[in-house]
Amino acid sequence: MTSGVGHKVARLLGIQLQPKDPYHHVNDPRETAHFNTDQTFVEESPRVDDFFLKLVPSGPQVWRYLVSLFPFLSWIGYYNLQWLAGDLVAGITIGAVVVPQGMAYARLANLDVQFGLYSSFMGVLVYWFFATSKDITIGPVAVMSQLTGAVVTDMAAVLPDVPGHVIASALALLAGAVVVSIGLIRCGWIVDIISLTSLSAFMTGSAICIAVGQVPSLMGLSGFSTRDPTYLVFVNILKHLNTASMDAAMGLSALAMLYLIRGVCMWIGTHYPKHQKLAFFISTLRVVFVIVLYTLISYLVNRSLPRGTARFKILFDVPRGFQNAAVPVINTSIVSNLMGYLPATVVVLLIEHIAISKSFGRVNNYRINPSQEMVAIGITNMLGPFLGGYAATGSFSRTAIKSKAGVRTPFAGVITASVVLLAIYALPAVFYYIPNASLSAVIIHAVGDLITPPNTVYQFWLVSPFEVLIFFVGVFVTIFSSIENGIYTTVLLSAAMLLFRILRSNGRFLGRVKVQSMLGNRVIGNDRQQPVPGYGTFTGSQEASTRNIFLPITHADGSNPEIELDNPYPGIFIYRFAEGFSYPNAGNSLEHLVEHIFAHTRRTNLAHFDRPGDRPWNEPGPSRKDMKAAAAAGVDAGIMGVDVSLLTLKAVILDFSSVNHVDITSVQQLIDVRNQLDRYASPDIVDWHIACINNRWAKRALAAAGFGYPTVVPDGPHRRWRSIFSVAEIGGSHSAAAAAEVEVNEKEIARSRRQTAADVEVGNKQQQQQHHHRGPNDPKKVGTGGSESVPRKTTVTFEDAVLSLHQKRMSLGAELHSGRTVVAPVHGINRPLFHVDLTSALQSAVANVEGRYEGLEEHH
């Protein structure tokens, strides 16, 4: 508020407006005269309206957003025959794989097999319009199918008149709408709240549940439900092994053949690299080979039987075409009953797809947009139900196959859709004889790769042992309860671990130590020929070969405990926050700060309390007996029970390198601690220096609380503040110094190259002449150490020239310093207690502590 009306309203409401610049001394020429700079810099605090204006998109930003919704526009114009060849191979390969997998997963979802084909067709057809990943294949997956099957089973008891496929389509439509909404507002970062531990536990537990649940179908067992918790299904399998039928022969042999083909192909690829490509395609199409083989066996066994009967369970009639294409049924009853399943469905849709797309993007060197991937998943699941499809997301196994098959663009999905469409209309008669047990073998074989291997769990243990505990808890909850409860458990435990770490985080007090950098047996910065000239913080002088670093005084960071850390300065403490500085951890961090300071300092005024009753209850001081004894001995009673060897508190330096945001609670608690320590150090004032502030809003908040500039003592002696600022040359790489340095470097390198070439030519001529005069059998050869060896001319190699540039750079810097070099403060001079690093903060703190005593001596 700068207007007169605003000031009147503020006075009416009792608001004390803060001055525009509380540190008014910055405008005093006497205060800035000692800055040998050509320019000054006063940092302005950010404004609230600026913050909201940044949220309003500009015209170009709106256009970029609209274009980003259709990523294919950025590459479709460059499509060529070479890309088409790669997409054809990958698309046909995936089409051959997704057809049997889609039918198998539909059975997992308690649906007829054709619904898996519908979902497969729409997934690959629609995705390429909105995709930012060329490798991802959208379609039915094991975990999502298992979850859909559980929903269909539960809803059958609540809404018995509604067909299962209608429930599955409605669930896909609702989940797709939620995911699209998240993607359109570009909140794809929300998936980052799900840790890798949660994802691994979810995938492992789900894979075990699915595999165990498919064993009854694999072996033809009956007499119990496969939808019970996994441990009950496993117990029932053991109880009903005597009910196994001929399906076991079709299922177990198919499963064994799948693993056998993969093992043989891996062996061929390892021992015969020339045939690695062929082995890959055979391994990729093993599912197709097995399904075709066992379909042929089924046809030969069952062709003579009446239609609708078979010696083992087969699919029987599969409708041709899109028989269930219609507008999805969405009503209040369906929606209300599905709401409880919606969160788990959305989580499963997102975490598997985003994790897979990010992984393959890193492998193949491209970036995916999680928000746009959500748009693609959402639209796919919103359109799929119109053809009868159910929820679909990214498949890990098919994505891996597609990537290895050499896919070039997302357009390969259209080719896959053509293969699926051909299967929907041309192959239903063949599907009649597919054995159910063989499809169960396909499912078990597919989910086996989703189980986290022991070696990966061991790596988790090396990184974070507590997260391994979360992993096993998630797996056990999934097995003994349900997939949904496993997801919720791991996410909540991971969030609780994060919150606990933030709440109980303690900062660390830092000590100073001088270090040197060594390359081999040479100290960098202490040699005339620098190994790394011009880099680091060295200037070529003897003093510059060392530098200050700050380490935790407890060596809790793992640094060598034999290294003794120096106290930065008597009465000055450096404190680094560990996990940010916000309301959850502010109290704990500052409590640790105060406790350490109280334990290592004493009050400035030991006789601060004139009467015993003036003391606080928690500091009663010496007893009356001790006071009488002190009086008899002529000793001040104020020092009774106080370690007078301890120093008094002078300044606190806060390292904000790990802090990006502060809030009202944290700042208020910092104010309270400042007031507490001021009373503790009274009549002195504690200086608060803050280094490495990374956020302008954090600076604004701290400045509003009175930090960033010296505290003025109204009734104390006047002392001029010694402001120490970090300055830098204006212009950076375009400055005069940088340009001159580049010119010197180029001349030096060119001269060295010419000198090296000339020296090599002279040396060769001398060797040829010496060899001609001595003959080939003369034992005194050049360079053998003989007494008549020809002395070589000392050459300056290219490497020597690079190493010597450091001295050139030093002399150049001295010349420019004596000339006209324009420098300016790095941070605003209106906040002299905000520093660019700990070194400048310590320099300022020490200078002003020493200046304080000088001022007191002058005053007296």
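Predicted, not measured: the structure shown is a model, and the values here were computed from it.
Using modelled atom types, one finds no donor on one side chain facing an acceptor on the other under 3.5 Å when comparing N485 with T489. Checking S217 against S440 by side-chain atom types alone, a donor-acceptor pair falls below 3.5 Å. Defined by atom type and a distance below 3.5 Å, a donor-acceptor pair is missing between the side-chain atoms of Y366 and T132.
For residues 342-354, the set of pairs meeting the side-chain hydrogen bond (donor to acceptor under 3.5 Å, both in side chains) definition, not counting sequence neighbours, comprises H353-E373. Under the side-chain hydrogen bond (donor to acceptor under 3.5 Å, both in side chains) criterion, the residue pairs touching residues 376-393 are S145-Y390, with sequence neighbours excluded.
A distance-only check finds a donor-acceptor pair linking the side chain of K402 to the backbone of I136 [under 3.5 Å]. In this structure a side-chain-to-backbone donor-acceptor pair under 3.5 Å is missing from Y127 to G413. At distances below 3.5 Å, not a single donor-acceptor pair connects side-chain atoms of D112 with backbone N or O atoms of Q114. With hydrogens and angles ignored, the 3.5 Å screen pairs a side-chain donor or acceptor of Y432 with a backbone N or O of G308. Between the side chain of T204 and the backbone N or O of T452 there is at least one donor-acceptor pair closer than 3.5 Å. Of the possible donor and acceptor atoms, one in the side chain of T490 sits under 3.5 Å from a partner among the backbone N and O of G486. Counting only distance, with no hydrogens or angles, the side chain of S359 and the backbone of I356 share no donor-acceptor pair below 3.5 Å. Side-chain atoms of N369 never come within 3.5 Å of backbone atoms of R367 as a donor-acceptor pair (strictly under, hydrogens ignored). The backbone N or O of A131 lies less than 3.5 Å from no partner atom in the side chain of Q372, so there is not a single donor-acceptor pair. With hydrogens and angles ignored, the 3.5 Å screen pairs no side-chain donor or acceptor of T416 with any backbone N or O of V124.
In this structure, D449 and S397 have side chains that are not in contact, with every pair of non-hydrogen atoms separated by 4.5 Å or more. Counting only heavy atoms from C-beta outward, the side chains of Y341 and L147 never approach each other to under 4.5 Å. Side chains of V468 and V457 form a contact here, defined as non-hydrogen atoms less than 4.5 Å apart. Inter-residue side-chain proximity for M250 and Y294 is flagged as met; some heavy-atom pair is nearer than 4.5 Å. The shortest side-chain heavy-atom distance between L493 and T197 does not fall under the 4.5 Å cut-off. The side-chain heavy atoms of F471 and S200, taken from C-beta on, include a pair separated by under 4.5 Å. Between P57 and R64 the shortest side-chain heavy-atom distance does not fall below 4.5 Å. For the pair C265 and R286, the minimum side-chain heavy-atom distance is 4.5 Å or more.
Between the CD1 atom in I210 and the OH atom in Y105 there is a gap of 8.0 Å [rounded to 0.5 Å]. Note that the CD1 atom of I368 and the OG atom of S371 stand 9.0 Å from one another [nearest 0.5 Å]. The distance from the OG atom of S438 to the CD1 atom of I443 is 11.5 Å, given to the nearest 0.5 Å. The NE2 atom of H445 sits 12.5 Å away from the CE atom of M257 when rounded to the nearest 0.5 Å. Taking CZ of F411 as the reference point, atom CG of L88 lies at 9.0 Å (rounded to 0.5 Å). In this structure, CD1 in I470 is found 10.5 Å from CG in L492, a value given to the nearest 0.5 Å.
In this structure, R307 pairs ionically with D317, as a charged nitrogen and a carboxylate oxygen lie closer than 4.0 Å.
Around CD of Q61, the count of heavy atoms belonging to other residues, nucleotides or ligands within 6.0 Å exceeds 12. The environment of Y79 atom OH is dense: over 12 non-hydrogen atoms of other residues, nucleotides or ligands sit within 6.0 angstrom. Atom CD of Q276 sits in a sparse spot, with 12 or fewer heavy atoms from other residues, nucleotides or ligands closer than 6.0 Å. Heavy-atom contacts from other residues, nucleotides or ligands closer than 6.0 Å to CH2 of W63 number 12 or fewer. Annotation: Y259, atom OH; neighbour count of heavy atoms from other residues, nucleotides and ligands within 6.0 Å is above 12. For L81, the CG atom is loosely surrounded, since the number of other residues' heavy atoms within 6.0 Å does not exceed 12.
Heavy atoms only, all atoms of each residue included: M155 and I334 are closest at CE-O, 4.4 Å. Among all heavy-atom pairs drawn from I330 and A170, the shortest one is CD1-CB, 3.6 Å. Counting all heavy atoms, side chain and backbone alike, E484 lies closest to A344 at CG-CB, 3.6 Å. Minimum interatomic distance between I379 and V180 (heavy atoms only, all atoms of both residues): N-CG2, 3.3 Å. The two residues A168 and T148 have their closest heavy-atom pair at CB-CG2, 3.8 Å. The nearest pair of heavy atoms linking A392 to P140 is CB-N, 4.1 Å.
Ring orientation note: the planes of F70 and F130 are tilted relative to one another, at an angle of 30° to 60°.
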Would L383 and L125 satisfy side chain to side chain contact (heavy atoms under 4.5 Å, CB included), going step by step from the backbone distance to the final call? CA-CA 11 Å; L383 296 180; L125 179 65; over 6 Å; no
Take K404 and T284 through the test side chain to side chain contact (heavy atoms under 4.5 Å, CB included) and record every step on the way to the result. CA-CA 10 Å; K404 292 181 180 179; T284 296; over 6 Å; no
Determine, step by step, whether F396 and F360 satisfy the side chain to side chain contact (heavy atoms under 4.5 Å, CB included) criterion, reporting the C-alpha distance in whole Å, the side-chain angles of both residues, the deciding distance to 0.1 Å, and the verdict. CA-CA 10 Å; F396 180 80; F360 280 90; 4.2 Å; yes
Begin with the C-alpha distance, continue with both residues' side-chain angles, and end with the deciding distance and a verdict on side chain to side chain contact (heavy atoms under 4.5 Å, CB included) for Q146 and R227. CA-CA 10 Å; Q146 175 81 356; R227 293 295 173 179; 3.7 Å; yes
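Taking the six-membered ring where the residue is Trp, the centroids of F121 and Y118 are separated by 6.0 Å or more.
In this structure, T270 has no side chain to side chain donor-acceptor pair (under 3.5 Å) partners at least two apart in sequence or on a different chain.
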